[in-house]
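First the structure, in the form of structure tokens, and then the observations on it.
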Amino acid sequence: MLKIENLSVAVNGREILHDINLHIRPGEVHVLFGPNGIGKSTLMSAIMGFERYEITKGKIYFKGQDITNAPVFERAKLGIGIMIQRPPTIRGLSLRQMEGICGATPEETEHMAEWMDLNKFLDRSVNEGFSGGEIKRSELLQLMAQKPELLLLDEPESGVDVENIALVGRAANYILNSATAACGKACDRPCCPHNFKDVQVNPLGKSNRSGLIITHLGHILKYVPADTGHIVFDGTLACSGDPEEMLSCIGQSGYEHCIHQGCRRWKK
Amino acid sequence: MSVNKEKLTEALDKKAIYGEDLNFTSYDDNDTVRIKSTDELSAGGKKKLERVGIELDEAGRSATFVQVDNAAVTVNVKKDTPLVLMNTGDAAKAFPELVEKYWWKAVSPETDKYTAKTALEKETGYFIHVKAGTKISAPLQACVFMGHEDQLQRVHNVIIMEEGSELNIISGCASDPTVENGVHIGISEFFIGKNAKMTFTMIHSWGEKVAVRPRTVAIVDEGGLYMSNYVCLDKVADVQMYPTCRLIGKGATARLNSILVAPEGAHLDIGGKAILEVSGTKAEIITRSISTGGTIINRGLLQGLAEGVRAHLECNGLMLNDKGRIYAIPELDAHTGNSELSHEAAVGRIAPEEIEYLMARGLDEEEAAATIVRGFLNINIEGLPESLEKKITDTLDTFTYNKGM
């Protein structure tokens, strides 16, 4: 799905990421851990093709196509969807209109907004006066409309209260695993096909999407099963392994210690 | 009319405070009637009327007024509609007592050469009178049309809204597509009575070299509401206006919204003034301006003369071209300790992160920029009747942002 080869990325002339290699196969979900300001968001922005992020070396392939120099909208059209941390306010453009831009039909928009508890926000300007949690829910609503094949989530739980983390988590899981989204105790509200008011409406019918998620606390992993974790350190992917193990190690002894201690064990 | 002719003749040389001084002698100042009805307008002229919100079949309108050059050609009130609509000159003859009370009482005829000129010449324009308690739901449409080259057009409008009355007005001003040069002078005096409500939506589409000098004062009494919306998206050489609302009764409210686009060669000097004369009055002035190469001077003044008044002024500008200029001059003038006056002004270009955000949702760069511009111009006008809101949205839809401009 996504293949990154020897990628180096610079911002304002300063190299932030060096020689990154990453391979996400169809249906796989990867997680990026690492301290703040280390380059996790830089990697995501480079995958999306944002202008500030200059690729100084290496290649990015998506579905076998070299997208290293493709403009942002082409990557979006190919199937990459991103949730950035602090999206800007677009005054005068309603969330409903934005849903249309993302590709949802008016009916889908109504249904999905209900799942995300955002009906009252549909006619408000995108992100204007939204709280942290409302921004995340609105971003996920847009991504549901976009139906991306690769979902990039930059700290989906930041600024979200405890109650809404479940909603955000389930929504992310629904986008990734819409056909089989887990039901039962983890799915008592939206984003579970068995829980739809109208079972016929499952806009993201197709499953097996891939994801790349940046998380600090790992709350999102309770709702989204992840396959592989990576610790980003000193501008490189310092090591890769089981995300749950990594998270608990980081929680106990910190990133640096964890890299020295655990990386050897995790390396395959 | 109790005007002092001598003083007025002197005032003919009085330059306006703002705007380029216009020389009347270079324009054709006569009252010749070339077009007797809207049927005689050119196809292009009819299209222009449509563009500024005037329905020639009068569908969905309570009344219609059309002035071409310096003559009123249509003065129609739908059957059983309880309002008075007349040519101002005819109304002055019919109702001398109203002339005493209202004519030139909101706008001083000696303000400048434009008011003086209009006061001295034969009177044309619309007179609208809505009696106490009368609420009219279908909008009244009033159009002032410039039909031939080099015309000097004068308009004097008087609107009297009695206590508790309600009316929505669409005022469309345009010129025939063949008209390049001309001067339009429009004097408007609005009297909004106690608890009366009037919305006034004005859409302009003039010729590229036309100069426009409106002089508007609205006086709003206790509990009254005056909402003015001004939309100017088409290239016009030179508009200078500084409409004023005087809020003279407790709880009187004024809202002024303007949506302005200045292409290269356009000079828009547009202001908005609210004078909050008694306590408990409120005002809001909002302007969105876009320069695609032209100049926009955006003045705004909130004057709080009494305790407990509240007003907000907002002028935001977008520069879409390096050649243009947007000059925002918001002013607050509080005369008491207990008034809440605020302003917000911002001029800038489209933020690149907004473009990228929309590109990440699948729009290409130009589509993203156009979407942001459309959103920027889209002021959410509270309380506007649906048909008027649709007219504004439709007009905005015709504005396309072209990156190369």
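Sequence lines set the chain letters: A, B, ... in the order given, protein chains first and strands last, and positions in each chain run from 1. Values below: every heavy atom of this structure, side chains too, minus hydrogens, waters and symmetry copies.
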Would you indicate whether the side-chain heavy atoms of A:R91 and B:N316 approach each other to under 4.5 Å? yes

Hey, does the side chain of A:Q146 reach the backbone of B:A360 with a donor-acceptor pair shorter than 3.5 angstrom? yes

For the backbone of A:P88 and the side chain of B:E353, can you confirm whether one donor and one acceptor N or O come within less than 3.5 Å of each other? no

Identify which part of B:R374 has an atom lying under 4.5 Å from any heavy atom of chain A, answering side chain, backbone, both or neither. neither

Within a 6.0 Å radius of atom [atom1] on [X], are there more than 12 heavy atoms belonging to other residues, nucleotides or ligands?
X: B:Y327; atom1: OH; value: no
X: B:E344; atom1: CD; value: yes
X: B:R310; atom1: CZ; value: no
X: B:K135; atom1: NZ; value: no
X: A:D161; atom1: CG; value: yes

Value rounded to 0.5 Å, distance of [atom1] in [X] from [atom2] in [Y]:
X: B:E366; Y: A:F73; atom1: CD; atom2: CZ; result: 10.0 Å
X: B:F376; Y: A:L93; atom1: CZ; atom2: CG; result: 14.5 Å
X: B:T371; Y: A:I101; atom1: OG1; atom2: CD1; result: 4.5 Å
X: A:S94; Y: B:N378; atom1: OG; atom2: CG; result: 8.5 Å

Proximal component of [X], with respect to chain B [non-hydrogen, under 4.5 Å]:
X: A:L143; answer: side chain
X: A:D123; answer: neither
X: A:T89; answer: backbone

Presence of salt bridge, A:E139 and B:R361, under 4.0 angstrom: yes

With chain B, which of [options] has the greatest number of heavy-atom pairs at distances under 4.5 Å?
options: A:S125, A:G92, A:A76; result: A:G92
options: A:M48, A:Q142, A:K77; result: A:Q142
options: A:M98, A:Q97, A:R75; result: A:M98

Can you list the steps and then say if B:Y357 with A:I82 is a side chain to side chain contact (heavy atoms under 4.5 Å, CB included)? CA-CA 9 Å; B:Y357 183 48; A:I82 191 167; over 6 Å; no

